[in-house]
Amino acid sequence: MIRRVLSSYEGNWFESAFLADLDLGLSAGNGSLMRCLPIGLCYPKLSDIEHMSRMQSKMTHYDERCNEACEIYNRIVHRLLNNEDLLSAIENEVMSTRYAYVLTEDPNCEPSGFVVHTFNWIIHILTHTNSFAEVVQQAANLGGDTDTIAAIAGGIAGVYYGYEGIPRHYSKAIIIKNKLDSLSERIVELRETISA
């Protein structure tokens, strides 16, 4: 989907996403969910998070289920950045959504690239683990679209457990550490600028 949108882009992301959806009919993948975390990190105001989460999703994924998942994801991030407990943040955001059943049952789907399946597994993993390492390991061992599910679940786990919660042998293996350090500093500066 993203490849099709990028190849047909002529100045309007939303038009390209719409045309790709018409052409392929497959715009409910997890690609926009995989890239939405910076919105939750950069914007301190919830209304901005909601709006920007949906807008970044619509740039490549026309399907409303993608937009919804990105918004819920970043609403959880917003709660975590405001010191809410992980389980509470997840429960508060998914309670009245299609994902509520995962709070009490195992997901009734495969761990696929379909955004609803992906988000079901992310919620399940985050509510059934107690550390960053457990989150990433459980996701990576699911089968299916494990790399993406691990990355998305790991994003929320990273916000909640913090850098100190990432096992040293994980953080030591980061190849582009200097670039990530610089990007982290820019995100903090941007968030402070927007807050002012």
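For reference, positions follow the sequence shown, starting with 1.
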Just checking, is any N or O donor in the side chain of [X] or [Y] under 3.5 Å from an acceptor N or O on the other one?
X	Y	result
Arg35	Ser57	no
Ser182	Asn178	no
Asn74	Tyr43	no
Asp145	Thr148	yes

[X] side chain vs [Y] backbone, donor-acceptor pair below 3.5 Å:
X	Y	answer
Arg65	Val115	no
Ser88	Asp85	no
Thr129	Ile125	yes
His128	His124	yes
Glu93	Ile76	no

Between Ser112 and Thr118 the two heavy atoms that sit nearest each other are O-OG1, 2.8 Å
Over all atoms of both residues, closest heavy-atom pair of Arg54 and Asn67: NH1-CB, 3.5 Å
According to a hydrophobic-cluster definition based on side-chain heavy atoms being under 4.5 Å apart (Ile, Leu, Val, Met, Phe, Trp, Tyr only), do Val77 and Tyr99 belong together? yes
Would you indicate whether Glu64, at its atom CD, is surrounded by more than 12 heavy atoms from other residues, nucleotides or ligands within a distance under 6.0 Å? yes
Between atom [atom1] of [X] and atom [atom2] of [Y], what is the distance when rounded to the nearest 0.5 Å?
X	Y	atom1	atom2	answer
Ile90	Leu103	CD1	CG	8.0 Å
Leu86	Tyr161	CG	OH	5.5 Å
Glu189	Cys42	CD	SG	11.0 Å
Ile39	Gln56	CD1	CD	5.5 Å

Can you classify the ring geometry of Phe132 versus Tyr170 as parallel (below 30°), tilted (30 to 60°) or perpendicular (above 60°)? perpendicular
